[in-house]
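In what follows, chains are A, B, ... by sequence order, proteins preceding strands, each numbered from 1.
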Amino acid sequence: MTVVCLVELDGAEPADASLRALTLARALGDTSVQTVVFAESASVPAAALADYGVSDVYAVEPGALEGYAPQAWARVLARLAAETGATAVLAAGTDRGNEVLAHLGAITGLPMAANCTIVTPDGGQTHRLVRHRWAGLLLEDAVMEAPIALFTVATDAVAPVPAQTPAAVAVHVHKPELAEGDLRVRAAESPAGAGGASLATARVVVGGGRGVGGPDGFAPLEELAGLLGGVVGVSRVVTSEGWRPHRQQVGQTGTKITPELYLACGISGAIQHIAGCAGARHIIAINTDPGAPILAHADYAVIGDLHQVIPALVAALRAR
Amino acid sequence: MEILVCVKRVPTVGGKIAVTPDGQEVDTRMSGFSISPHEECAVEEAVQITERAGGSVTVLTLGPEAAIEQLRDALALGAGRAVLLETDGREWGPIATAAAIAAEVRAHPYDLVLLGNEAADTGDYQVGIRLAHELGWPVATGIKNLSVSAGGVVARREYRGVEEAYSLPLPAVITVKEGINLPRYPSLPGRLRAKRAAIERSAPDWAAEGLRKETLRVPASSKHQATVLGHGADAVPELVRVLDELGVLS
Ligand SMILES: Cc1cc2nc3c(=O)[nH]c(=O)nc-3n(C[C@H](O)[C@H](O)[C@H](O)COP(=O)(O)OP(=O)(O)OC[C@H]3O[C@@H](n4cnc5c(N)ncnc54)[C@H](O)[C@@H]3O)c2cc1C
Ligand SMILES: Nc1ncnc2c1ncn2[C@@H]1O[C@H](COP(=O)(O)O)[C@@H](O)[C@H]1O
């Protein structure tokens, strides 16, 4: 059995979300895992991919296909799936992974299941799967009937686990054969305005909600985040009031975070907010209300006014 | 500029989400209905574009008759025309949904179709892309900034700290995310107009798809009530000890 997995890179290494997808790909059974990487063949992280059981890497080099063009990337996967007789094609459930697999679904006319946590072949053209609905607040048990199963893997549900025995990996330079219109939509990339650590990958996130009280209340949270080597994240109330930009929003319609620690201050813990922070290893809540729903998701809580607790915490950390 | 915006009626879930005993739907006995924040922003974006460049906004939903409520909400915000693709209450998959929307688009001279990046409930992440392929139009997704000129649009989003800009000729499909704008509140005249507006209806045929839902369930939670470290600033020494224990104090 052969499966094809799109691997995204984070610098020179496979992206964490792609390692999670590869972990799920191996669990599909006795499979040969073939991957597609859009990079120079010389810079493919072959050893890291071998650790995850990858047998073949098809490198699509920038000379052949420059930049991110979702439909062209999907075309490469479609042709490779046909050539290798793959029974499944998957990607990480990132913005790009979901986008490319949706194009692949449209190109092939096959169904595509986004953000799966479990996929199991069930004979013939059947796969049983579990996927996220409501941004992971609900799970859907579903059956997919298709000659090739197309799906993405939820980024915060499957832990990345290397294979027991690394595979012998072969790297091939792959020349894409595109169709008309595949390059019509292509990203022009430039460094984003605000630099610094990104919310999605931060090790510590200090969260602020309505309890912060207004745009001027965030300075102590910023200071605390700085001391903990983290970044500030916020609730939707904060962005829709215009206190902070939307790119700092944690939740269903914001960013999903996976830090070691999420310190949620003045945040009630609405389920759409939890959808974004459930992947945190530890949660500590600071809230005036001992009955706030966030306490049912937190490991620890301080009951009190964040305007007193946070300055005192900052002072204590500075004194260390 | 003629713009179509596609919105989906979904339960407004608050502190908790529950499933009906048969595991087929979200329990809505205690909840109202709304559209996703992404789609609210799509409506706002369309209205802003036509305020600047002229033209009109049509809002479309595929759903039960009750979804007229969501169409009227969008009319109150400035959409001029509303289309209900009426269903019998069965859940539609993304392939059939895109095909039904495509039929409406083919029947009218739209320049631009706006959708949410993903629906709040099913989170399929694909109706916009499938629609674009049906129509043979270009598509960009997850857009947080859109500028429109005569023949085309420039659509921007951020990915892993890099800004991506996409130039698309019109007609085009764009899916947007919350944050592209701050939606307005409906005006009183807007509400009155919405109440009186005619709703155009048709009833497309449901079709089965290769991905079939069996059941919905609430994931088992490993969390329980938090350990309270203390009250107010007095809790800080205990809080510092826990932070140290968790290894976040370098
Ligand atoms: C489809 C959909 C998508 C959504 N997506 C998101 C999303 O991505 N992210 C998101 O966050 N929300 C999202 N929401 C909104 C969500 O339902 C809540 O409205 C929102 O998260 C509430 O924000 P909050 O906790 O800051 O405010 P509130 O719910 O008002 O809570 C404020 C909390 O602060 C506490 N507090 C007040 N003063 C203090 C003080 N001085 N010190 C300490 N504590 C204090 C209060 O006790 C309370 O618990 C979405 C909603 C919908 C319908
Ligand atoms: N039933 C529907 N009626 C109208 N628009 C829809 C419907 N389902 C999905 N859409 C649109 O397609 C977007 C993406 O949905 P999905 O691919 O299902 O996650 C949504 O944000 C809506 O804008």
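- Between B:R160 and A:D95 no salt bridge is recorded (no basic side-chain N to carboxylate O distance below 4.0 Å).
- Chosen from A:V185, A:T253, A:L263, A:N98, the residue pairing most often with chain B at heavy-atom distances under 4.5 Å is A:T253.
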CA sep, side-chain torsions, deciding dist, call: A:H246, B:K144, side chain to side chain donor-acceptor pair (under 3.5 Å):
CA-CA 10 Å; A:H246 186 273; B:K144 301 267 288 248; 3.1 Å; yes
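- In this model, no donor atom of one side chain and acceptor atom of the other lie less than 3.5 Å apart for A:E99 and B:Y159.
- Side-chain atoms of A:Q272 come within 3.5 Å of backbone atoms of B:V13 as a donor-acceptor pair (strictly under, hydrogens ignored).
- If you tally non-hydrogen atom pairs under 4.5 Å between each of A:E145, A:R184, A:M144 and chain B, the highest count goes to A:R184.
- By number of non-hydrogen pairs under 4.5 angstrom with chain A, the leading residue of B:R130, B:Q126, B:E178 is B:E178.
- Chosen from B:V19, B:V139, B:I180, the residue pairing most often with chain A at heavy-atom distances under 4.5 Å is B:V139.
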List the steps and the verdict of side chain to side chain contact (heavy atoms under 4.5 Å, CB included) for A:D299 and B:T227.
CA-CA 6 Å; A:D299 305 284; B:T227 304; over 6 Å; no
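- Chain A forms more heavy-atom pairs under 4.5 Å with one residue of B:I17, B:L182, B:V10 than with any other, namely B:I17.
- Ranked by heavy-atom pairs under 4.5 Å with chain A, the first of B:D234, B:D121, B:V236, B:V162 is B:D121.
- When A:S190, A:S268, A:P293, A:A312 are compared by the number of non-hydrogen pairs under 4.5 Å with chain B, A:S190 comes out ahead.
- The candidate with the highest count of non-hydrogen atom pairs below 4.5 Å against chain A, out of B:L168, B:N117, B:L249, B:L243, is B:L249.
- Proximity to chain B (any heavy atom under 4.5 Å) is shown, for A:L101, by neither the backbone nor the side chain.
- When each of A:R128, A:R320, A:Q125 is scored by its heavy-atom pairs under 4.5 Å with chain B, the top score falls to A:R320.
- Within the 3.5 Å criterion, the main-chain N or O of A:P111 finds no donor-acceptor partner in the side chain of B:E209.
- A donor-acceptor pair is defined here as one N or O able to donate and one able to accept, closer than 3.5 Å; such a pair exists between the side chain of A:R131 and the backbone of B:G123.
- No side-chain donor-acceptor contact under 3.5 Å links A:E260 to the backbone of B:G247.
- Put simply, of A:G304, A:A316, A:G105, the one with the most heavy-atom pairs under 4.5 Å next to chain B is A:G105.
- Contact annotation for A:V309: both backbone and side-chain heavy atoms come within less than 4.5 Å of a heavy atom of chain B.
- Top candidate by heavy-atom pairs under 4.5 Å with chain B, chosen from A:Q252, A:H273, A:Q308, is A:Q252.
- A:T152 has its side chain out of reach of B:Y125: every pair of non-hydrogen atoms, C-beta onward, lies at least 4.5 Å apart.
- In terms of non-hydrogen atom pairs under 4.5 Å with chain A, the most contact-rich of B:T175, B:T215, B:V228 is B:T215.
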